[in-house]
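Reviewing the structure listed below.
Residue numbering restarts at 1 for every chain, and letters A, B, ... go by the order of the sequence lines.
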Amino acid sequence: MSTAAETHDDHHDGHQDPYHLAHHFDTPQQQFDAGKLGIWLFLTTEILLFSGLFCAYAVYRANHPEVFEFAHLYLNKPLGAINTVVLLFSSLTMAWGVRAAQLGQKNLLVGLLALTILCGFGFLGIKFVEYRVKFQNGELWGPHYNPKEMPGAAKDEDDRAKEDRQREAERKKHEEAITVAALTNTVATAPAGYHYDQSKYAPASSDNVDFASISPEWVRQQGSDTKPPGSIAETWHGDPPVNAQLFFSIYFVMTGLHGLHVIAGMICIAWILIRATKGEFGPHYFNPVDFVGLYWHIVDLIWIFLFPLLYLIT
Amino acid sequence: MTQLPNILGFLDSFLLPPSGSSSAANHDPVWNAVLIITTIFFFIVTTIMFVFIFKYRRRPGLVQGSQVTHNTPLEIVWTLIPLIIVMALFGVGLKGYMWYDKPPSDSYTIVAKVVSWKFTFYYPNGGISPYLYVPLGSDAHPRNIRLQIEAEPGDVLHAMYIPAYRIQRGAVPGRITELWFNATSVPPLHPGSSADTPENHFFDIFCTQYCGEGHSQMRSRVYVIADEAQFQAKLKQIANPFVDIDGNPLPLATVGKNLVDIYGCNSCHTIDGKPNTGPTWENLYKRDHTFDISNEAGYSLKATDSDAKWDAYLSESIIDPGAKIVGGFKNAMTNFAGQLSGPDPNDPKNENNRRRLAIIEYIKSLDHTKGPDGKPLYYKPAPIPTTAPAATESSTTQSGKQ
Amino acid sequence: MTAITPDFGRGELLPPLEDNYLTHSRGILSWIFTLDHKRIGVMYLVSVLTAFFAGGVMAMLIRTQLLKSGGLIWPGDAQQHNAFKAYNEVMTLHGALMVFMVLIPGIPGALGNFVLPIMLGAKDVAFPRLNLMSYHLYLWGAAFAVLAIVMGGVDTGWTFYTPYSVKTDFGGVEYMAFGVFILGFSSIFTGLNFIVTIHKLRPPGMTWFRMPLFLWAIYATALIQVLATPVLGITVLFLIFERTMHIGIFDSRYGGDPILFQHFFWFYSHPAVYIMILPAMGIMSEVISTFSRRHIFGYKLIALSSVAIAAIGFLVWGHHMFPNGQSTMIDTIFSFLTMFVAIPSAIKVWNWLATMYHGSIDMKTPMCYACSFLFLFAIGGLTGVFLGTLSVDVHLHDTYFVVAHFHYVMFGGTMIGFLAGIHYWWPKMTGKMYNESLGRLACLGVFIGFNLTFIPQFIMGSNGMPRRYASFDPMYLPYHQLSTIGAYIQFASFLLIAVYLVHSLYSGKKAPVNPWGAATLEWSCCSPPPHDNFKFPPQVGDPYDHDAIVFDERLGGYVRDESIVPELPSNAPHHPLTHEL
């Protein structure tokens, strides 16, 4: 995406320079080296862009491991695995395409580039299917999190009803416990003859303080309205964790941004494909194929990290 | 604490606010150290520069010396010395920070609820006040105060800063943070005060984390009460807003006026007719009202309606503000059911209910309609109780509850 | 390959002025679609100065508002603070315009683009079309900033802290955030271009340690641009998603953490301040050595300290967040690392002073700005030590002390450096000389006005005046009044600068090839340079060897004395086309 591929000098000859040498470079080798360094720098910026996302993932997973362990069960592992294979295969065809360009094998190059784009479509298609399921089932981010069911197998009607009643009872008990006195652990009545009695008050040091028990009601209430209805899943025991929607926030931003990069990559490959059909590439000049190939490998590499981190949490 | 040369004391007198606590005493020597060192380096650099500009100015006959481009010993010296100095400053700063880090175990905790755009302090005895009242301590006998800072979950970031004590801490929704100090002196008269009264001897509390349009007005005060007995009395008075500091019962409208400061009604309701987020309270009572939204079809409120209907409306406006919205205003009012209503809104013994009635009394008192005899036409002040009402159960007005 | 000496010796008149980069082609399209780095640099300069003017107007509004304790332009009090919304928007725009549209792109875009290839001895940057795209992205970013104002404005402060930036009902936040995103890519591509240019397009004989220090500074800046800016990209994307789709990642009600935003934001924004200051420091190295007619002292250390500042600058972001609720251990680590980052800057200051020692100092306008820089940057850097010291920062955080500190380094450092660079390279860029007396007068005006504006701010900050306040306690009034007077003096001085610079374009004296007597390569091509920069490949020598440069009365400028043969580097490669990394 960053090479100067054509000369723009005024006084150039009638025929196309096969080396596509720009006027400010001395030799084609220098131009190639510059382009290579340029694309690697660009890929570094892409990695840093995603590293912010991985950081957010790491922070939230460290602080709320149960959210990730629970919510990832909603993801479809087989589809994710197929996507991984598809992208790996597309990296193979892309790298092979670069080799074909270097050897001047035009037809092979065109075929491989087309195959790579096809793989890209395959990847996007599977992702579309996954997204559609999630949208339909309410497995979304933030305030839109309203899953129709728990992850895993559903039980039959009676069991479900019994478990619903059980959970309702537990929830009521929990709510009663909440309405105990607040922060300072006392029901304050200002006694006549007030005196300065330390023992009643909240611990002064924040070490060993169980903030949850002395903190205001809103902290305790934080999770109480995000429990999804439905039966208890076989693969998850107990109540679903609060703030499960956090997983989906991370999931959609990461895979969404990755998907956008896949699309951008496919557009670049299509551009290369058109130029390849015109016979522009050969042993003397294959820079754009090489550089777009590198970009496609990074896009693949990012998915290689995304897949286990999102789908394969044990 | 080491003795400091006088020049620093002079500089600090206008560079720093008056020092009011042991935390300031912990901070100021470090500040002075940094000040001295940075000032020395500043003078070194600028003096050299000005001397060179003058001494080596280009003029006919100036003979340039040899072009020295390296001097390794000098370069090492001017790298290492600043490095050692900044590391020393780091150490000193860290020491002061660690001293400050944990509140002492004998601290008296006051909860500071930080909400856009006010500070409210909840005392252990159940009292609530927009200002911070603390007892006077000393280095030998500290009276450590710990402020437990809480922000509301849907709210934005704030911070609490007490310049005189050199302490500040952010208020983050979802976290509880803390500050502590030991007030070692009574604040001097606040600059710009009109009269030298005890009310005007306070230290400022500012919000330092930008939080929107009310940020620069989000302020409070620290009052330091030297006499222990007075401090206890003040606490008692805060807990029981129905009496004054000597324990005498206050007129209900005055109680309501004080409560309005605590519950922050005045951030949206003016008392002088000026427009604001909510309807002004001046001349509100017994006037015709039209409603854009109403939970009762065909509801109207007129000047001629009964006292009971007016009382019911005013109570409902506080407990369930979204039920009826006056024409021209939005549904923006916080719901005070948790703070100003008991489980049974009509229970006259419930503290929250009594406070709500006091506020309603105050609203009524702002009606300036005069009858033909020159006396207020609609507002009839409630009789002042003869005995001080005991502070009753106030189970739901604890700190932290919305 | 033998070195060919460009022959501007005593016998030859100045080359004619036609066919320089300005006259090479005509028409607005030849500018919009130019691939010439010099034209791109000039366009950046005009855009950046326009943004500076807009940001400056915002600043004047801020200072005027603060002439009265309740607010002069937008009054308010504890009950009624609706009017402060306008102030908050002005305050935000001042910061956002200045940081994202002036300080970050400023020196690299305007001066770096123009000077770097010529100073390097190359014909252009490595990727001219990418360079043009950088500029077009800058314009698009600016367009989104304007769109943000139209779509409801922004009042979050330039730091966009959550949750306020998510909650505020000012509708322009997502547009401004997207504008910042685009500007970020403009910055990334500029940095990428510069890195590749310096690695791959150096002429034969120019090894790394024969490069002028301005190029080292630009190189270190470019490293930061490429590595840090993507994190800003993801941060604003998160903010946009949070605001528009409520993903909840910074909302504690959904399990998110508002402080995470601050970590992400400052991970970029701290290195960003080094993007701002490093190029200015590079300009200082050039200007001080040229106007002292002395070889720069401690070349290698200055070069390496630029890279050191870039590296250490990535490790200190937490010092913007000391009292915000993070743990003591994190605060300790960040304070420790913050102290380290002061040292390379201090090394540079000592080196510049040593360069002036036994020099022959000519206080032309660029040198006046350079000396202002030394003074103002010293104050800025030293006051940073206050803020890096933990227990003192607890007192000073988010007060006007911080405001004064960063204005001293960003304005007194970067902008003064920028002005020095503009005045230094103005003859080269435009072919005209400006009025020297007015230049020095304006420099004095800026210097005095600047100090009058910001020294009171230090004092009121340490006295407890918080920042971003639209109104304040009356006890701070005298400081604010002094500060505003200083601001007006500065504004007048900047108007004066604009006047005499524009005037020079029409009636300025024709500039000689080398008016200041510098030894770097850009001073051996014409003023203004031809389209291809050099008629002959330039001869690479020591960029600070002033012995061979002597003044020629007839030409009114400096020329290279032919009787002094410059030594070629002993390690000049035989094959001139080997470019190692």
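In this structure, a donor-acceptor pair under 3.5 Å is present between the side chains of C:His37 and C:Asn533. Donor-acceptor pairing under 3.5 Å is recorded for the side chains of C:Tyr219 and C:His199.
Proximity of the aromatic rings of A:Phe32 and A:Phe286 is defined here by a centroid distance below 6.0 angstrom, and this criterion is met. Residues C:Phe334 and C:Trp317 place their aromatic rings such that the two centres sit under 6.0 Å apart.
For C:Arg39 (side chain) and C:Ser30 (main-chain N/O), a donor-acceptor pair under 3.5 Å exists by modelled atom type.
Ranked by heavy-atom pairs shorter than 4.5 Å toward chain A, the options C:Gly256, C:Pro117, C:Gly248 are led by C:Gly256. Listed options A:Gly256, A:Pro143, A:Ser249, A:Gly52 were ranked by heavy-atom pairs under 4.5 angstrom with chain C; first place goes to A:Pro143. Ranked by heavy-atom pairs under 4.5 Å with chain A, the list C:Asp251, C:Asp257, C:Val231 is led by C:Asp257. In terms of heavy-atom pairs under 4.5 Å with chain A, the best-connected choice from C:Thr197, C:Leu237, C:Val125 is C:Val125. For the options C:Pro230, C:Ala228, C:Ala122, heavy-atom pairs under 4.5 Å to chain A are most numerous at C:Pro230.
Proximity to chain A (any heavy atom under 4.5 Å) is restricted, for C:Ile188, to the side chain, taken from C-beta onward. Neither the backbone nor the side chain of A:Leu140 has a heavy atom closer than 4.5 Å to any heavy atom of chain C. Proximity to chain A is absent for every atom of C:Leu232, based on heavy atoms less than 4.5 angstrom apart. If you measure heavy-atom distances from A:Thr45 to chain C, the contacts under 4.5 Å come from both the backbone and the side chain. Contacts of C:Leu260 with chain A are made by side-chain atoms alone, with heavy-atom separations under 4.5 Å and no backbone atom involved. Using a 4.5 Å cut-off between heavy atoms, C:Phe267 does not touch chain A at all. Using a 4.5 Å cut-off between heavy atoms, A:Leu257 touches chain C through its side chain atoms alone. At a 4.5 Å heavy-atom cutoff, C:Asn193 makes no contact with chain A through either its backbone or its side chain.
Contact detail for A:Phe252 and A:Glu139: the closest heavy-atom pair is CE1-O, 3.5 Å.
Between the CD1 atom of C:Ile118 and the CG atom of C:Asp124 there is a distance of 9.5 Å, given to the nearest 0.5 Å. Rounded to the nearest 0.5 angstrom, C:Ser134 OG and C:Ile40 CD1 are separated by 8.0 Å.
Exactly one residue among A:Ile298, A:Val299, A:Leu301 makes a side-chain contact (heavy atoms from CB on, under 4.5 Å) with A:Leu43. That residue is A:Ile298.
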